[in-house]
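Order of the sequence lines fixes the chain letters, A, B, ..., with proteins taken first and strands second; residue numbering starts at 1 for each chain.
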Amino acid sequence: MRHAKSIERLQFPDKDKEKFEPINPPFVGMYVCGPTVYSDVHLGNVRTFLSFDIIYRYLRHLGYKVRYVRNITDVGHLESDADEGEDKISKKAKLENLEPMEIVQRYANDFHRVMSMFNILDPDIEPSAIGHIQEQIQMIETLMAKGLAYEVNGSVYFDVAKYNQTEKYGVLSGRVLEELQTGSRQLDGQEEKRNSVDFALWKNAGTAHIMRWKSPWGMGFPGWHLECSVMSSKYLGETFDIHGGGMDLKFPHHECEIAQSVGAHGKQPVKYWLHTNMLTVNGQKMSKSLGNSFLPHQLVTGSHPLLSEPYSPMTVRFFMLQSHYSSTLDFSNDALKAAAKGYKKIINGLVLAKKLQFAHDESISIDAGAMAQIDGIIDNCYRAINDDFNTAKTIAQLFNLLKK
RNA sequence: GGUCUCGUGGCCGAGUGGCUAGGCAGAGGUCUGCAAAACCUUCUACGGCGGUUCGAAUCCGCCCGAGACCUCCA
């Protein structure tokens, strides 16, 4: 690949850009926080996985041997941080009178269907939290042995204040522990914790709970943040290259992950953190709780009230790639309409270019100037995608190429 | 309330100090029996007020507006 140069820049926690250098080239370890499978994935979720699909594909294109791990969260994600906070899957199972594993299976299947609908490649490993209960218990034991976790009534919490004595909690998201403590709202049912910022590693669960496992602290289930620390280190090592996820996971989820991993292994788990920004609707984040979700099938059928017509998954893919992954992107009918036309244009060009390849004729002299121009634009394409995977810039270059 | 981000032409959306972003829409044109498609040309910018600089959409300050996180969320 003549034009394939190494990625020059990548976004960092401190917002500076640096050259991307894998820890053990040509291998790259990449972990992305996957979905909690308790309901349908919406287009906001899709945007994140699409962004990392591009990154995964591009790294492979450059010749890196990528191991891409994307988890499925099937236990431990609480409705709230309060003691009576219920597991999302468990709640849904009760609601629909189904086995929790039926819920997990149903929405995991749905997730996979949606991923393939958008032509998003499968990860190399897709581990689930339930499949790693033993490893999670082991990590808790390690943290307890180091004095970074404590048990209360069969639940185990991470001691953030203790951790903060030797490490800094909150660096990734720019938080300061003292401010978090004074600024945090008063939540009910937190008497068990020594500190409001402490988070659960293991939650005690009585017989009323349908999802519970045996542990040294009694029957219960693992906390949400723990699975990612456990599974990423198991499959990618204690320090790996890229960790991704939605911006809304930066705090507290990723912050807690760092604390757990540093606490247990004594080193930073991740070299490059990448966070994708939110898909918005009328300027507001698309989220399940706000009720402004667009579901993939609503898009394809055009059945959402805000859509004037159906749009293909590839149109949406194109639409999303016209912005940078770290910017918010507003979802609207007009924007999709424009994307549909633009996408068609670029595909027409691609089809045409493929036809041209079979028309080589030795008798026709090649215009050197035009060739140089085309080479220049192709170079620009690589420069654009190398610049923190800037797909918007890259697409603009592709349109320039089209004109030649 | 605290922390942070953003504010680009009719719409979407790149761009971090000087060099055309791009797409969609609009206008004009080429082609065509008409229409469509395709292609060519082209108009409309940088929230406001100051400051730094030879020069700012780009850096700094203040103001206005929007959003995110702080509590489950990709």
| A:L306 CG to B:C12 C1', straight-line distance once rounded to whole Å | 16 Å
| Among B:A14, B:A74, B:G2, the nucleotide that comes nearest once only the side chain of A:E179 is considered | B:G2
| Any sub-3.5 Å donor-acceptor pair from A:K271's side-chain atoms to A:E21's backbone N or O? | yes
| query | Would A:D74 and A:S128 count as a side chain to side chain donor-acceptor pair (under 3.5 Å) if you check the C-alpha gap in whole Å, the side-chain angles of each, and the deciding distance to 0.1 Å? | reply | CA-CA 7 Å; A:D74 46 12; A:S128 79; 3.2 Å; yes
| request: Could you tell me the separation between the CE atom of A:M320 and the C1' atom of B:C12, rounded to a whole number of Å? | output: 14 Å
| query | Looking across every strand, which nucleic acid part, if any, lies under 4.0 Å from A:G245 by heavy atom: base, sugar-phosphate, or nothing? | reply | sugar-phosphate
| query | Of all the nucleotides listed (B:C69, B:C70, B:A74), which has the minimum atom distance to the side chain of A:H42? | reply | B:A74
| task | Establish, from distance only, whether the side-chain atoms of A:E255 and A:Y169 form a donor-acceptor pair under 3.5 Å. | result | no
| Listed by chain and number, what are the salt bridge (Lys or Arg N to Asp or Glu O under 4.0 Å) partners of A:R70, not counting sequence neighbours? | A:E126
| Checking all strands, does A:N277 fall into the base, sugar-phosphate, or nothing category for heavy-atom contacts under 4.0 angstrom? | base
| message | Using the P atom as the point on both nucleotides, what is the distance between B:A56 and B:G17, in whole Å? | response | 14 Å
| request: Between A:L290 and A:S327, just flag the one whose closest nucleotide in RNA chain B comes earlier from the 5' side. | output: A:S327
| task | Go through the side-chain N and O atoms of A:D241 and A:Y31 and say whether any donor and acceptor fall under 3.5 Å apart. | result | no
| note | Between A:F251 and A:T276, whichever has its closest RNA chain B nucleotide further toward 5' is A:F251
| field | A:D330: partners by salt bridge (Lys or Arg N to Asp or Glu O under 4.0 Å), with sequence neighbours left out | value | none
| query | Is A:K288 atom NZ crowded by more than 12 heavy atoms from other residues, nucleotides or ligands, each under 6.0 Å away? | reply | yes
| request: Determine the interatomic distance between C1' on B:G48 and the same-named atom on B:A66; round to the nearest Å. | output: 15 Å
Show which side-chain atoms of residues 95-102 of chain A pair as donor or acceptor with protein atoms under 3.5 Å away, not counting sequence neighbours.
from, atom 1, to, atom 2, distance (Å)
A:E96, OE1, A:R106, NH1, 2.9
A:E96, OE2, A:K92, NZ, 3.4
A:E102, OE1, A:E99, N, 3.0

| At under 4.0 Å between heavy atoms, what does A:M247 touch on the DNA or RNA strands: base, sugar-phosphate, or nothing? | nothing
| note | Of the listed B:A14, B:A74, B:G2, the closest approach to the A:R175 side chain comes from B:G2
| field | Gap between atoms CD and P, on A:E255 and B:U71 respectively (whole Å) | value | 13 Å
| task | Quickly work out the A:N282 CG to B:A66 P distance and round it to whole Å. | result | 14 Å
| request: Keeping to residues at least two apart or across chains, list the ring-ring contact (aromatic ring centres under 6.0 Å, His included) pairs with something in residues 89-113 of chain A. | output: A:F49-A:F111
| message | Please enumerate all residues that pass salt bridge (Lys or Arg N to Asp or Glu O under 4.0 Å) together with A:K344, with sequence neighbours excluded. | response | none
| With A:F52 via ring pair (Phe, Tyr, Trp, His ring centres under 6.0 Å) - residues at least two apart | none
| Same-atom distance (C1') from B:C12 to B:C46, integer angstrom | 15 Å
| message | I need the CD1-P distance between A:I346 and B:A38, as an integer number of Å. | response | 14 Å
| task | Tell me what A:S287 touches on the nucleic acid: a base, only sugar-phosphate, or nothing, going by heavy atoms under 4.0 Å. | result | base
| request: Sticking with atom C1', work out how far B:G55 lies from B:U71, rounded to a whole angstrom. | output: 48 Å
| Nucleotide nearest A:F49 when distance is taken to its side chain, options B:A74, B:G13, B:C72 | B:A74
| task | For B:U8 and B:U58, measure between their C1' atoms and round to the nearest Å. | result | 11 Å
| message | Rounding to an integer number of angstrom, what distance separates B:U20 and B:U53 when you compare their P atoms? | response | 27 Å
Tabulate protein N/O versus nucleotide N/O from nucleotides 19-30 of chain B, keeping only pairs under 3.5 Å, one per line.
from, atom 1, to, atom 2, distance (Å)
B:A25, OP1, A:K341, NZ, 2.4

| query | What distance, rounded to whole Å, do you find between the two C1' atoms, one in B:A14 and one in B:C62? | reply | 28 Å
| task | In whole angstrom, give the distance that lies between atom CG of A:D198 and atom P of B:U71. | result | 13 Å
N/O-N/O pairs, protein side and nucleotides 6-10 of chain B side, under 3.5 Å:
none

| message | Strictly by ring-ring contact (aromatic ring centres under 6.0 Å, His included), give each pair with a member in residues 287-312 of chain A just once, sequence neighbours left out. | response | A:F294-A:H304, A:F294-A:F331
| What does A:H275 touch in the nucleic acid at a heavy-atom separation under 4.0 angstrom: a base, only the sugar-phosphate, or nothing? | nothing
| task | Tell me which nucleotide among B:C72, B:C70, B:C69 gets nearest to the side chain of A:K88. | result | B:C72
| Expressed as a whole number of Å, how far does the P atom of B:C43 sit from that of B:G23? | 14 Å
| field | Interatomic distance, A:H253 NE2 vs B:U71 P [rounded to whole Å] | value | 16 Å
| Partners passing salt bridge (Lys or Arg N to Asp or Glu O under 4.0 Å) against A:K214 (at least two apart in sequence or in another chain) | none
| Where the side chain of A:N348 is concerned, which of B:C12, B:C70, B:A38 is the nearest nucleotide? | B:A38
| message | Restricting to side chain to side chain donor-acceptor pair (under 3.5 Å), what partner residues turn up for A:Q136, sequence neighbours left out? | response | none
| task | Under 4.0 Å between any heavy atoms, over every strand shown, what does A:L398 touch: base, sugar-phosphate, or nothing? Just pick one. | result | nothing
| Bracket string, RNA chain B, 5' to 3' - pairs by Watson-Crick or G-U geometry under 3.5 Å, | interstrand | (((((((..(((.....[...))).(((((.......)))))....(((((..]....))))))))))))....
| message | Does a side-chain N or O of A:N390 approach OP1 or OP2 of B:G15 to a distance below 4.0 Å, or not? | response | yes
| Between atom NZ in A:K250 and atom P in B:U3, what is the gap in whole Å? | 16 Å
